**Q** 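Encoded as structure tokens, here's the structure I'll be asking about.
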Amino acid sequence: MEKDLQALAKVQEWYGPHSSTAAEWPVDALMAVKGNTTVSVVLPARDEESTVGDIVTVIRRDLVERVALVDEVLVVDSNSTDATAERARQAGARVVAQDQVLSHLVEPLTGKGEALWKGLAASTGDIVVYIDSDLRSFGAHYVSGLVGPLLKHGDLQFVKATYERPYTGADGVVQRGGGGRVTELVARPLLNMFWPELAGFAQPLGGEYAARRAVLEQVPYVTEYGVEFGLLVDLLHLVGLDAMAQVDLGHRTHTHQSMTALGRMAGQIILTAWSRLERQGRVLASEPPAHTLLQFGLQGQSALVDVAVAERPPLASLVPEEDVA
Ligand SMILES: O=c1ccn([C@@H]2O[C@H](COP(=O)(O)OP(=O)(O)O[C@H]3O[C@H](CO)[C@@H](O)[C@H](O)[C@H]3O)[C@@H](O)[C@H]2O)c(=O)[nH]1
Ligand SMILES: O=C(O)[C@H](O)COP(=O)(O)O
């Protein structure tokens with residue numbers, strides 16, 4: 001209990017000085033401190049033709065053309081089967097196909113973590129901002145709010161968004177605070193139990209965060225939906241809590257996945273947490289955990305699904321092309 005209270009005290013001490021709101025980072029003020037620092041916005045996108053174009057349009061209009069806060073807008077097309085790539089390109093993004101990036105060095109893997117790792121490899125900015133492509137509440141303040149603390153404070157390495165997350169039902173009824181189901185039922189309990197220093201991050205699974213490239217290139221990327229959880233834990237280990245900050249972006253609405261899809265996501269996150277506990281020497285397993293999940297449909301039909309995650313090594317550890325014999 002005493003350990004729990006100590007961790008809580010540390011989070012409380014961190015919270016004030018490391019929290020801000022997007023309104024505290026107006027774009028014009030950021031331009032005054034940007035200097036030569038370059039900023040890339042990277043958007044992972046799998047079948048997001050209905051939203052990706054609008055998001056890219058806002059970034060280009062408000063943060064590339066009106067002021068040059070953002071130097072590069074990159075969409076990673078994550079094997080979409082719809083017009084995602086075309087919509088993103090039309091809106092002015094550079095688009096790369098996930099499986100084509102680093103294809104001379106690595107075999108393709110799948111999922112969101114792979115898209116983010118490939119996006120890091122294909123982009124060039126000193127600061128990388130990740131934004132999901134299924135957002136329905138996106139505004140330019142998402143990007144400026146995340147970049148602001150990094151431009152202003154040289155000792156900060158990572159900034160994660162927080163927001164209110166409603167749940168919008170199929171009937172269009174909005175339930176305040178009902179969103180982020182995997183966050184509430186899986187990620188938050190795991191973080192509080194095993195990495196309580198991270199408990200102050202109110203939306204640990206959110207897809208919007210920014211970090212310095214130099215740091216992102218030093219951490220592994222878990223594939224699938226393990227990526228956000230893995231990055232938080234690994235970055236805490238690498239840079240420490242005081243180099244991490246949180247910014248309130250207001251509210252976030254997005255396309256909700258089905259309960260069975262979220263069950264698979266939960267499995268991927270639990271396996272990610274397990275891998276970090278093992279790596280940090282905090283559990284000793286006689287055998288690895290199972291990675292299959294038996295799920296049931298409404299008619300009682302069942303399906304066995306695989307929730308295994310893989311991992312990409314820190315990008316900085318990759319052998320450059322010219323050194324590959
Ligand atoms: O194989 C994939 C799957 C997803 N995405 C994109 O990643 C983003 C987020 O994916 P989504 O399926 O919308 O995830 P959510 O249900 O919103 O899950 C939440 O929780 C996940 C686990 O932490 C995070 O990865 C998400 O960013 C976060 O929004 C979207 O732009 C997707 O198009 C890919 O690029 N490739
Ligand atoms: O972050 C989460 O917990 C998942 O994205 C699920 O979010 P949702 O409950 O808003 O669909």
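We count ligands from 1, going down the list as the structure has it; atoms in each ligand are counted the same way. The structure presented is a predicted model; accordingly, all values stated were derived computationally and were not measured. Side chains included, hydrogens not; waters and symmetry mates left out as well; all remaining heavy atoms used.
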**Q** For ligand 1, would you mind listing the residues that have at least one heavy atom less than 4.0 Å away, ordered by chain and number?
**A**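 Within 4.0 Å of ligand 1, the protein residues are Pro44, Ala45, Arg46, Glu48, Ser78, Gly111, Lys112, Ala115, Asp132, Ser133, Asp134, Leu205, Gly207, Tyr225, Glu228, Arg252, His254, Gln257, Met265.
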**Q** Can you tell me which residue and heavy atom of the protein come closest to atom 10 (O) of ligand 2, and the distance to 0.1 Å?
**A**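 I find the closest protein heavy atom is Gly180 N, 2.8 Å.
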**Q** Is ligand 2 under 4.0 Å from a heavy atom in the side chain of Glu184, in the backbone, in both, or in neither?
**A**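 No part of Glu184 comes within reach of ligand 2.
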**Q** Tell me whether the guanidinium CZ or amine NZ of Arg282 lies under 6.0 angstrom from the six-membered ring centre of Trp195 and within 45° of its axis.
**A**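 Here Arg282 passes the 6.0 Å and 45° test against Trp195.
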**Q** Give the numbers and elements of all ligand 2 atoms closer than 4.0 Å to a heavy atom of Arg181.
**A**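 The list of qualifying atoms is 3 (O), 6 (C), 7 (O), 8 (P), 9 (O), 11 (O).
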**Q** Taking only heavy atoms of Gly179 into account, list the atoms of ligand 2 that are under 4.0 Å away from them.
**A**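 Reading through ligand 2 atom by atom, the close ones are 9 (O), 10 (O).
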**Q** Are Glu278 and Ser275 linked by a side-chain donor-acceptor pair shorter than 3.5 Å?
**A**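 Looking only at side-chain atoms, Ser275 and Glu278 do not form any donor-acceptor pair under 3.5 Å.
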**Q** Whether Arg176 and Glu164 form a salt bridge (side-chain N of Lys/Arg under 4.0 Å from carboxylate O of Asp/Glu) is what I want to check.
**A**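 Looking at Glu164 and Arg176, the cut-off is met.
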**Q** So if I count the atoms of ligand 2 from 1 in the order they appear, which ones are less than 4.0 Å from some heavy atom of Val182?
**A**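 Counting from 1, the qualifying ligand atoms are 2 (C), 3 (O).
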**Q** Is it true that Asp132 and Lys112 have a side-chain N and a carboxylate O under 4.0 angstrom from each other?
**A**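 So Asp132 pairs with Lys112 through a salt bridge.
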**Q** Which atoms of ligand 2 are found less than 4.0 Å from any heavy atom of Thr183?
**A**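 Answer for ligand 2: 1 (O), 2 (C), 3 (O).
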**Q** If we check side-chain hydrogen bond (donor to acceptor under 3.5 Å, both in side chains) with Tyr225, which of these qualifies: Gln268, Arg264, Gln257?
**A**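 With Tyr225 as partner, Gln268, Arg264, Gln257 yield a single side-chain hydrogen bond (donor to acceptor under 3.5 Å, both in side chains), made by Gln257.
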**Q** With a cut-off of 4.0 Å, which atoms of ligand 2 are near a heavy atom of Arg165?
**A**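 Going through ligand 2 atom by atom, the ones under 4.0 Å from Arg165 are 1 (O), 2 (C), 4 (C), 5 (O), 7 (O), 10 (O).
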**Q** Under a heavy-atom criterion of less than 4.0 Å, does His254 contact ligand 2?
**A**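 Right, His254 reaches ligand 2.
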**Q** Can you name the atoms of ligand 2, numbered from 1 with element, that are less than 4.0 Å from a heavy atom of His256?
**A**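 Under 4.0 Å from His256, ligand 2 has these atoms: 8 (P), 10 (O), 11 (O).
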**Q** Which class fits the ring pair Trp25 and His153: parallel under 30°, tilted 30 to 60°, perpendicular over 60°?
**A**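 Perpendicular.
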**Q** Below 4.0 angstrom, N of the basic side chain to O of the carboxylate: do Glu65 and Arg61 qualify?
**A**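 No, this pair does not count.
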**Q** Measure from the side-chain N and O atoms of Thr38 to the backbone N and O of Asp126, and report whether any donor-acceptor pair falls under 3.5 Å.
**A**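 Side chain of Thr38 to backbone of Asp126: a pair is present.
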**Q** Pair up each side-chain donor or acceptor in residues 48-55 with any protein partner under 3.5 Å, not counting sequence neighbours, and list the distances.
**A**
from  : atom 1 : to     : atom 2 : distance (Å)
Glu49 : OE1    : Ala83  : N      : 2.9
Thr51 : OG1    : Ser133 : O      : 2.6

**Q** Are Phe201 and Trp14, when compared by the centres of their aromatic rings, separated by less than 6.0 Å?
**A**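 For Phe201 and Trp14, the ring centres are under 6.0 Å apart.
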